[in-house]
There are 2 protein chains.
Amino acid sequence: MDRTPPPPDARVAGVEPAALGLRERKKLRTQKDLQAAALRLFAEHGFDHVSTDDIAAAAEVSKTTFYRYFDSKEDVLLGDKAEALCHMRDALAGRPDTEPPFEALRGAVKEVVGHFALDREASGLRQRLMRETPSAMARNLERQREWETLVADFVRPRLAPGANRDLLARVYAANTMATMRATIEHWLDSDGADVSELLDEALAAFAVSDDRRPAPAPA
Amino acid sequence: MDRTPPPPDARVAGVEPAALGLRERKKLRTQKDLQAAALRLFAEHGFDHVSTDDIAAAAEVSKTTFYRYFDSKEDVLLGDKAEALCHMRDALAGRPDTEPPFEALRGAVKEVVGHFALDREASGLRQRLMRETPSAMARNLERQREWETLVADFVRPRLAPGANRDLLARVYAANTMATMRATIEHWLDSDGADVSELLDEALAAFAVSDDRRPAPAPA
DNA sequence: GGGTATTCTGGCACTCAGTAACATTTCAGT
DNA sequence: ACTGAAATGTTACTGAGTGCCAGAATACCC
C-alpha cells in the first residue's frame, strides 16, 4: 500500500554506476537480477509455472526481498513502465500552454512508443508473455488506466469550459491510450513493421483535429 | 480453465422459471443468491474485507460451490457482463453488411449502455465498488479487451483491404470501447445525468465519419 | 412406484501469492 | 572501530484458487 517505490529515484539501470554509493548499486543490481531471472524463467517455463520463490531463488535473494522490489509477480513482467510514465509526464509538462493539446498529446505518445521500441527484444518478450497471461494483461491495463487520468488532467484545463468538458477530456484520454495500446498489439502480430510509422497511421486515421476543438480556456 | 459456463445458456435470471427443470432453477437461484450475498457484503464491509468463505457462508453453500459459479472473487462483482456481450454480438450480427460499420457500432454501443443503465442502482454500486478495488478494475478492463477483439472482427472485413486494415480495425475497436468506458466513469461522477445523452456527446465529438472510411470491401 | 446414471455439492487437503513481525546482516558517517 | 540506519532473511500467517473423492440430489427409464 504505502510501499516505498523500489528505486527511490526511478532511473535507467546502469547509468552512473560509480556515482552512487555501494548500497544503491547493490539495490540496482538485485532489482536487475530479479527482473532478468524472472523474464528468463517465464520464457522458459511459462508465467504461472514459475513461483515467486523460484524467481527469488534464481536471483539468490529471499521471497521477501522480491516483494520489496516489486508489488506483485505481474509487475516484474511489466517492467519499467513507471519510468515511461515519467517520460510522458515530462513530455506533457514541457509543452507550452498555448499549444493545441491534441497535437501535444500525439507527440508525447509517439515519444513514449519510441522509447518502447528501443529494446525491441525485451519489449517483445514481455508483451508476448503478457498476452498469454491474463492476470498480467489485466494489471497492465490497469496501469494504462492510471495513465489516462494523467492525460485527462492534462487535457481538461485546455478545453473550453462547459458541461461536457470533463467528459470530453476523459474520453479523449481513454482514446489516446487505447490507440497506443492497440497499435502496439498490432505491431507485435505484424513482423518487422516500424512502430512509429504504425502509430502515425493510427493517430492520423482517428485523430481529432485541433480545428474542431473548442476554443482554449481563458487563462 | 475448461470450466463449463455457470449458466449453460447465459440468460437473464428470472425468465421462464417454470419452463426449466428443478435442477436448473436451483442453479439459477444459488447463483443469484451468491451474487446478492456478495454485493451486500461488499457494500457493507468492503471488497477485500470479505472472503470467499464469507460469501459462500452467507449464501449457505460451500466455497467450492462458489467457485463453480464464478471464476474469481472479482467476477461476482462484475456481474452479467457475459450477457451484455451476447447482446452486443447480436446487435452487431443483426446489421446488414452494407451498413456503414462505424454507424452500426455506435448503435450497438448505445444499446449496450442503455441496457447497462436499466438497473441503475446495482450498476452504480458495482462500479463504485470496482473503482475502489484495483483487482476488480483490472479484471473488468481485461474483459473489455475481449470485447475489443469481437468488435475488431466485426469491423475488419468491412474496411478496404490494405496493409493497414487490421491496424485500423484494432484501433477503432479499442477507441470504441474506451469511449464507452470513459463515458460510464464520467457518468458515475456526475450526478443525475443521462448516460445515453452523455454517450451521444462523446461519440459525436470523437466519432470517425463513415465518409472518411475507405470503400467497403468487395464481397 | 423403484432403480440407475448423471449431476451437483460438501469436505478436505493442498499450492501459492502476498503480508507482518522480528532478528540479523550490511552499509554509511563519524 | 563504533553506532545508527537501511537492507535482508526467517518464520509464520491469511486468503485465493484448485483437485479429489465421497455423498446427496436430480433426471431418466422401466
Side-chain angles (χ1 to χ4, degrees), chain A residues 1-9 17-34 38 41-42 45-78 133-136 138-139, chain B residues 1-9 17-34 38 41-42 45-78 133-136 138-139:
Chain A
M1 208 50 95
D2 49 353
R3 171 195 314 273
T4 59
D9 50 336
L20 284 71
L22 172 59
R23 203 159 232 163
E24 295 301 319
R25 269 181 290 157
K26 267 198 168 181
K27 277 166 60 178
L28 236 43
R29 210 189 57 175
T30 45
Q31 185 190 7
K32 194 172 61 66
D33 288 351
L34 280 169
L41 291 175
F42 288 161
H45 305 105
F47 182 84
D48 32 40
H49 290 108
V50 175
S51 73
T52 53
D53 277 310
D54 295 336
I55 302 171
E60 293 177 320
V61 294
S62 69
K63 190 178 75 168
T64 309
T65 298
F66 173 86
Y67 279 104
R68 285 195 181 97
Y69 282 89
F70 300 96
D71 284 333
S72 72
K73 187 179 163 188
E74 285 78 22
D75 278 344
V76 68
L77 181 55
L78 265 55
T133 312
S135 61
R139 182 79 182 86
Chain B
M1 207 52 97
D2 48 352
R3 172 195 314 271
T4 59
D9 50 335
L20 285 69
L22 173 58
R23 200 160 235 162
E24 295 301 319
R25 269 181 290 157
K26 267 197 169 182
K27 277 166 59 179
L28 236 42
R29 210 189 57 176
T30 47
Q31 186 188 7
K32 194 173 60 67
D33 287 351
L34 280 169
L41 291 175
F42 289 161
H45 305 105
F47 182 84
D48 32 40
H49 289 109
V50 176
S51 72
T52 54
D53 278 308
D54 296 336
I55 302 171
E60 291 177 324
V61 294
S62 69
K63 191 178 75 167
T64 309
T65 298
F66 173 86
Y67 279 104
R68 284 194 182 97
Y69 282 88
F70 299 97
D71 285 333
S72 71
K73 187 179 162 186
E74 284 78 21
D75 278 346
V76 68
L77 181 54
L78 264 55
T133 311
S135 61
R139 182 81 182 85

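Naming convention: chains lettered A, B, ... in sequence-line order (proteins, then strands); numbering from 1 in each chain.
To the nearest 0.5 Å, atoms CD (E60(A)) and CG (D33(A)) are separated by 8.0 Å. Annotation: the span from E24(B) atom CD to K27(B) atom NZ amounts to 4.5 Å, rounded to 0.5 Å.
Y67(A) has its OH atom 17 Å from the C1' atom of dT8(D), to the nearest Å. Atom NZ in K73(B) sits about 17 Å away from atom C1' in dT18(D), given to the nearest Å. Across the protein-nucleic acid pair, Q31(B) atom CD and dT9(C) atom C1' stand 16 Å apart, rounded to whole Å. The distance between atom CG of D71(B) and atom C1' of dG17(D), rounded to the nearest whole Å, is 11 Å. Atom pair D53(A):CG and dT11(D):P shows a separation of 13 Å (rounding to whole Å applied). Following rounding to the nearest Å, D33(A) (CG) and dT8(D) (C1') show an atom-to-atom distance of 15 Å. Put simply, NE2 on H49(A) is 12 Å from P on dA17(C), counting in whole angstrom units. Here the P atom of nucleotide dA7(D) and the CZ atom of F66(A) are 18 Å apart, to the nearest Å.
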- Message: The test is side chain to side chain contact (heavy atoms under 4.5 Å, CB included); show your working for L34(B) and Q31(B) and say whether it passes.
- Response: CA-CA 5 Å; L34(B) 280 169; Q31(B) 186 188 7; 5.8 Å; no
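Comparing dG10(C), dC8(C), dC16(C) by their nearest atom to the side chain of V61(B) picks out dG10(C). Here the nucleotide nearest the side chain of R68(B), chosen from dC21(D), dA16(D), dG9(D), is dC21(D).
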Pairs under 3.5 Å (N/O, protein and nucleotides 26-29 of chain D):
unit_1	atom_1	unit_2	atom_2	d
dT26(D)	OP1	K26(B)	NZ	2.7
dT26(D)	O2	R23(B)	NH1	3.3
dT26(D)	O2	R23(B)	NH2	3.4
dA27(D)	OP1	L22(B)	N	2.8
dA27(D)	OP1	R23(B)	N	2.7

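The side chain to side chain contact (heavy atoms under 4.5 Å, CB included) test applied to T65(A) returns V61(A), S62(A), R68(A), Y69(A), not counting sequence neighbours. Looking at residues two or more places apart in sequence or on another chain, you find a side chain to side chain contact (heavy atoms under 4.5 Å, CB included) between T133(B) and F47(B), S135(B), A136(B).
Comparing T64(A) and T52(B) along DNA chain D, the residue whose closest nucleotide (by nearest heavy atom) sits nearer the 5' end is T64(A). For the pair E60(B) and F47(A), nearest-nucleotide mapping onto DNA chain C gives the more 5' position to E60(B).
Counting only heavy atoms from C-beta outward, the side chains of I55(B) and F42(B) approach each other to under 4.5 Å.
Side chain K63(A) to base dG18(C): a donor-acceptor pair is found below 3.5 Å.
The phosphate of dT9(C) (OP1 or OP2) has a side-chain N or O of Y69(B) nearer than 4.0 angstrom. Contact annotation: T65(A) reaches the phosphate of dG9(D) (side-chain N/O to OP1 or OP2, under 4.0 Å).
In this structure, the side chain of K63(A) does not engage the main chain of S51(A) through any donor-acceptor pair within 3.5 Å.
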